[in-house]
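FYI, side chains are in, hydrogens and waters are out, and symmetry mates aren't considered; it's all heavy atoms of this structure. The chains referred to below are lettered A, B, ... by the order of the sequence lines, with proteins before strands, and numbering in each begins at 1.
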Amino acid sequence: MENRRVRVRFAPSPTGPLHMGGVRTALYNYLFAQKHGGDFILRIEDTDQTRFVPGAEQYIIESLKWCGIEPNEGVGFGDGPHAPYRQSERKHMYRQYAEQLIDSGNAYYAFDTAEELEEMRKRLEAAGSKSPSYNAITRQNMKNSLTLPEDEVKKRLAAGDPYVIRMKIPRNEEIRFEDIIRGWVVVNTSEMDDKVLFKSDGMPTYHLANVVDDYLMQISHVIRGEEWLPSAPLHVLLYRSFGWENVMPKFAHLPLLLKPDGNGKLSKRDGDRLGFPVFPIEWQDPNSKEISSGYREKGYFPDAFINMLALLGWNPGNNQEIMSLEEMISLFSLERVSKSGAKFDPEKTKWFNQQYLRKRSPEELAEIWLPELEAKGIKKERTYINEVCRLLQEKAHFIHEFWSLGKYFFEAPTSYDEDVIKKRWNEKSAPFFVSLAQAFSALKDFTATEIENCFKATCDKQGIKTGEVMQLLRVCVTGVGGGPAIFELIALIGKEEIISRIYTAISKFS
RNA sequence: GGCCUGUUCGUCUAGGGGUUAGGACGCAUCCCUUUCACGGAUGAAACACGGGUUCGAUUCCCGUACAGGCUACCA
């Protein structure tokens, strides 16, 4: 049991787009599995038919693929020995386990209607109960197979009366388990209620399906969000009731992702309000048609996104922050996951993207940028675009900034930085630029060093300090006051075009 | 309300009975670049509070406060 094969799962329900917190949960599962040479399974928990959202499952699969954290077993990633991996397709498997629990005295049939349950809650509240629930005490006053005569139960079942199966939580017992991240957690069963395990629609609830599937799929570690911590004791009890204690997975409950400002967990609303995506890829709600932005569409690199996410609640113990997936795998451990929730920081996310942008080769960047250029009708040799990318990559956080940062690589400026012109352009400027243009046209090798030498020589000849005209030159050829190394830029754009741009500027400002 | 979990710079975090409490993002100043960015340097900035335990607690224990999660025939 101690040396059992590591098998973990990510088990979302397809009720909407996958939130970045969910992506992080998937990531930690993936890292853990890879680290230990184990399996990572994607299981779709669609036991609630009323909350099914078309497209959500496909969205989850596509998101994981984009992030590069692919399960090696499960829905959308190839069937393994435990197929199917969609709980709706496993429906027929659960009833027998619920019945097994009834036979062993750990569960019972309950026939109460929604109205009767509501009535019970009201009654208990009126009587001053702090937490009105269906439990060891209150179940005695309800309609279930513990209170009804045996033949009435049989009659009701035979008649097809709607029923649920509830867990019979024992009285006053301490349930304890050791969470890898949080240590020992102890809960008394008197705080727990008789949770529904099997619904009247013939589907299991999360609790039953989750435990049964984890058992059947031989899951060794359950790594999930902190919101599951309160129900973990129920799951432990379930393993015990089934007699599966010796193969019960180890638990690790991850801290939550919190909103950047104020308090509370990160929600879709925060993204809208503060202007950042909370989803890995774009999602369109099938009903409202409302679109939620995604990191992919916003121009984030998947590895930058994943790197940022990995460090939100985990750190490798050294000061390294930029890590490839491979490095994360080798460094990862659940013991180094922090206990407290982490506020998401959109600014740092941009920084991560910048780091990855700078690490990319100009060729890779060009490849990504190309469609945008083509859409703009730009036709340039690939080597030229590569060079533009090389010059621009130090200046940007995102590829989509390239165009506004460097469109002058493709077309002459149409506007000029007025502040620079106003400050620097004087009666000596026009003659200087005329002689500079002439000197440029005489150059045989139009290279950065030759251009620089030529520029300095012209300054000397005209008795002008380089500082007086350097930025003017930049504005003349690019229209803007800042940018990449000026002489490299000029060399790249090319002699003829540069000379023409200089003459245009002279006529404009004189 | 009840139960569970948590609390180190504004944020992500390292650390851990004796430290100048370290790093990163962001911010500020300076250097580099006659630009912008990058890079470099410097700076402001934290152990929630109160009791214990101890020679000594930010670190261990207990309370309090605050925060979050859960409290469905949702997951």
Side-chain angles (χ1 to χ4, degrees), chain A residues 11-15 45-51 87 110 112-114 117 121 125 128-134 162-166 179 181-183 185-188 190-193 195-207 209-210 224-233 253 255-256 258 260-265 308 311-322 336 338-352 354-355 358 391-397 405 417 420 465-475 478 480-486:
Chain A
S13 52
T15 54
E45 310 221 325
D46 53 352
T47 52
D48 187 354
Q49 297 148 332
T50 63
R51 292 211 308 159
Q87 287 183 331
D112 317 277
T113 63
L117 290 171
R121 283 189 198 106
E125 266 171 40
S129 166
K130 283 170 263 183
S131 50
S133 62
Y134 208 116
Y163 67 90
V164 299
I165 297 174
R166 285 183 183 271
D179 186 278
I181 295 167
R182 284 150 211 290
V185 177
V186 185
V187 175
N188 192 292
S190 50
E191 309 291 349
M192 298 165 66
D193 63 341
K195 277 269 176 308
V196 171
L197 300 176
F198 200 84
K199 300 185 271 188
S200 56
D201 67 358
M203 279 291 232
T205 60
Y206 168 85
H207 306 290
N210 188 265
R224 74 217 317 183
E226 193 185 2
E227 68 269 27
W228 293 110
L229 196 51
S231 52
H253 289 95
L256 261 19
L258 274 20
D261 61 339
N263 302 312
K265 65 175 177 182
M308 175 280 297
L311 259 16
L312 226 45
W314 169 78
N315 79 85
N318 53 28
N319 281 332
Q320 190 181 0
E321 292 201 288
I322 302 297
R336 294 202 67 89
S338 49
K339 297 178 181 28
S340 49
K343 284 188 180 176
F344 171 67
D345 183 355
E347 284 309 312
K348 189 141 188 181
T349 310
K350 288 179 188 159
W351 176 80
F352 271 106
Q354 180 193 34
Q355 298 299 307
R358 301 191 61 214
L391 258 18
L392 252 23
Q393 76 181 132
E394 305 272 306
K395 313 283 167 190
H397 285 72
L405 242 32
D417 188 320
V420 176
K465 283 191 200 137
T466 55
E468 293 177 54
V469 283
M470 183 81 95
Q471 206 182 7
L472 271 182
L473 172 62
R474 180 183 287 281
V475 173
T478 71
V480 292
I486 180 70

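Side chain of A:Glu226, nearest nucleotide from B:rC12, B:rC4, B:rU5: B:rU5. Listed nucleotides: B:rA14, B:rC38, B:rG22. Nearest to the side chain of A:Asn319: B:rG22. Of the listed nucleotides (B:rC73, B:rC74, B:rU7), B:rU7 has the atom at the smallest distance from the side chain of A:Ser340. In the set B:rC70, B:rA24, B:rC74, B:rA24 carries the atom at the smallest distance from any side-chain atom of A:Trp351. Set against B:rU35, B:rC73, B:rA37, the side chain of A:Arg474 has B:rU35 as its closest nucleotide. When each of B:rU5, B:rC25, B:rA75 is scored by its nearest atom to the side-chain atoms of A:Glu45, the top-ranked nucleotide is B:rA75. Taking every side-chain heavy atom of A:Glu191 into account, B:rC3 is the closest of B:rA75, B:rC3, B:rC38. Listed nucleotides: B:rC73, B:rA75, B:rC4. Nearest to the side chain of A:Asp48: B:rA75. For A:Lys343, the listed nucleotide lying nearest its side chain is B:rC12; candidates were B:rG23, B:rC12, B:rG6.
Between the side chain of A:Lys395 and the base of B:rC36 there is at least one donor-acceptor pair of N/O atoms closer than 3.5 Å. Under 3.5 Å, the side chain of A:Ser200 and the base of B:rC73 form at least one donor-acceptor pair of N or O atoms. Taking only distance into account, the side chain of A:Lys348 meets the base of B:rA24 through a donor-acceptor pair shorter than 3.5 Å.
No donor-acceptor distance shorter than 3.5 angstrom exists from the side chain of A:Gln49 to the backbone of A:Arg51, with no hydrogens or angles considered. When atom types are taken as modelled, the side chain of A:Lys195 and the backbone of A:Ser231 share no donor-acceptor pair closer than 3.5 angstrom. With A:Arg358 contributing its side chain and A:Glu394 its backbone, the two residues share no donor-acceptor pair below 3.5 Å.
Here the separation of B:rU20 from B:rA46, taken at their C1' atoms, is 15 Å to the nearest Å.
Rounded to the nearest 0.5 Å, atoms NZ (A:Lys199) and OG1 (A:Thr47) are 4.5 Å apart.
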Original post:
When you look at A:Ile181 and A:Glu226, which way does the side chain to side chain contact (heavy atoms under 4.5 Å, CB included) test go after all the steps?
Top reply: CA-CA 10 Å; A:Ile181 295 167; A:Glu226 193 185 2; over 6 Å; no
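Projected onto RNA chain B by closest heavy-atom contact, A:Asp201 and A:Met470 fall at different nucleotides, the more 5' of which corresponds to A:Met470. When the nearest nucleotides of RNA chain B are assigned to A:Val187 and A:Pro12 by heavy-atom distance, the more 5′-ward of the two goes with A:Val187.
Within the 4.0 angstrom heavy-atom criterion, only backbone atoms of the sugar-phosphate kind lie near A:Arg336; the bases stay farther away. Among the heavy atoms of the strands, none lies under 4.0 Å from A:Thr349.
One atom, OH of A:Tyr134, and another, P of B:rG2, lie 26 Å apart when rounded to the nearest Å. With rounding to whole Å, A:Glu321 atom CD is found 13 Å from B:rC12 atom P. At whole-Å resolution of the value, NZ in A:Lys339 and P in B:rU7 are 7 Å apart.
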